[in-house]
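To start, the structure under review is shown below, and the notes come after it.
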Amino acid sequence: MTPEYLPFHPNPKTPEFTPPAEAVDAHCHVFGPADLFPFSPERKYTPCDASKEQLFALRDHLGFRKNVIVQASCHGKNNDALIDALETAGNLARGVAVVGSDVTSEELERMHSVGVRAVRFNFVKRLVDTTPKEVFLEIVEKIKPFGWHIVVYFEAQDLPELKPFLTSLPTTVVVDHMGRPDVVKGVDDQDFQEFVAMLRDHPNFWTKVSCPERLSVAGPPYEDVIPFARHLVEQFPDRVLWGTDWPHPNMKSHVPDDGLLTDIIPQIAVTPELQKSLLVDNPNRLYWDT
Ligand code: 0GY
């Protein structure tokens with residue numbers, strides 16, 4: 001494990017908020033176990049193991065029905081741990097893989113058959129080496145026949161440079177963690193409003209209103225992040241997703257309690273209708289109806 005890496009919360013609280021039936025945790029990971037699924041030699045951090053059994057136990061504890069499991073950078077382009085978790089979960093999970101431009105249609109077919117429905121393009125420099133845009137475009141061509149979408153992860157300061165490329169992508173594009181706004185600047189800040197405008201101008205763009213624990217300066221219960229998530233849910237009720245981000249890799253300030261994260265949902269989506277869109281209708285449409 002990377003020195004000072006914080007393992008996930010061992011005993012999250014039982015949430016007071018009850019997610020609606022068929023609710024989906026649409027952003028979470030599995031790590032290892034490293035003796036079965038070694039981490040990538042190119043990884044930038046080494047996490048603690050976070051197994052599929054632990055993920056599914058958390059899902060049940062929090063009251064969710066399904067997971068969308070996202071391949072994390074510590075596993076590189078080897079999706080074996082993800083595939084294994086998807087096989088175990090059956091119809092209760094879908095996956096987001098990371099692939100190279102050398103991926104074969106046989107590999108994509110196998111991943112599709114176990115529930116992969118998207119690839120992730122990661123632009124966060126502390127997590128991955130830079131991938132040339134041409135390589136991403138080759139991957140786009142390969143996933144097109146499968147009807148997959150693209151999940152993108154970047155930091156707010158990189159959006160101006162990335163925007164022409166991202167908005168040229170021909171699929172649905174899901175932006176992780178609200179594009180990582182600087183919450184100190186407030187919802188009306190120009191950078192965040194440009195992110196909002198990108199969603200408004202590009203109906204193929206969705207976003208995850210996730211990771212208050214990463215974006216917060218104030219810390220739990222993350223009151224400084226809630227206005228950003230609520231704004232996006234109210235502006236784009238049909239294009240938002242929510243996820244725990246368990247097991248919370250690379251948290252430095254504190255270990256988040258997943259029960260508390262779940263309890264914040266009613267402040268982000270303030271009516272039962274918005275909660276159903278966020279947790280049930282949107283993720284099921286994007287990951288299960290395809
Ligand atoms: C997240 C966030 C992080 C890590 C990864 O792929 C990853 O390693 O996504 C991060 O460190 O911000 O979504 O899990």
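Quick note: numbers below take in every heavy atom, side chains included, and nothing from hydrogens, waters or symmetry partners. Atoms within each ligand, like the ligands themselves, are counted from 1 in listed order. Fair warning: this is a prediction, and the values are worked out from it, not measured in the lab.
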Quick note on ligand 1: atoms under 4.0 Å from a heavy atom of Arg180 include exactly 12 (O)
Decide whether an N or O pair under 3.5 Å exists between Arg126 and ligand 1. yes
Which of the numbered atoms in ligand 1 are under 4.0 angstrom from any heavy atom belonging to Tyr45? 7 (C), 8 (O)
Which residue and non-hydrogen atom of the protein lie closest to atom 9 (O) of ligand 1, and at what distance in Å? Arg120 NH1, 2.8 Å
In ligand 1, the atoms that come under 4.0 Å of a heavy atom of His177 are 1 (C), 13 (O)
Phe64-Phe56 aromatic ring centre distance below 6.0 Å: no
Using the ring of each side chain (for Trp, its six-membered ring), is Trp148 parallel, tilted or perpendicular to Phe146, with breaks at 30° and 60°? tilted
Parallel under 30°, tilted from 30 to 60°, perpendicular over 60°: which one fits the rings of Phe154 and Phe195? perpendicular
Short side-chain donor-acceptor distance under 3.5 Å, Ser210 and Asp245: no
No-hydrogen, no-angle side-chain donor-acceptor test under 3.5 Å, Arg180 and Tyr153: yes
Please list, in number order, the atoms of ligand 1 under 4.0 Å from a heavy atom of Arg214. 1 (C), 2 (C), 3 (C), 10 (C), 11 (O), 12 (O), 14 (O)
So is Lys44 touching ligand 1 or not, going by heavy atoms under 4.0 Å? no
What are the atoms of ligand 1, with element, lying closer than 4.0 Å to any heavy atom of Ser73? 6 (O), 7 (C), 8 (O)
Which residue owns the protein heavy atom closest to atom 14 (O) of ligand 1, what's the atom, and how far is it? His29 NE2, 2.6 Å
Would you please classify the geometry between the His27 ring and the His29 ring as parallel, tilted or perpendicular, with 30° and 60° separating the classes? perpendicular
Work out whether the distance between some heavy atom of Asp245 and some atom of ligand 1 is less than 4.0 Å. yes
For the residue pair His75 and Phe39, does the interplanar ring angle fall in the parallel (under 30°), tilted (30 to 60°) or perpendicular (over 60°) class? tilted
Ligand-residue contact atoms, ligand 1 with Asn250, heavy atoms, under 4.0 Å: 10 (C), 11 (O)
State the CZ-NZ distance between Arg214 and Lys252, to the nearest 0.5 angstrom. 9.0 Å
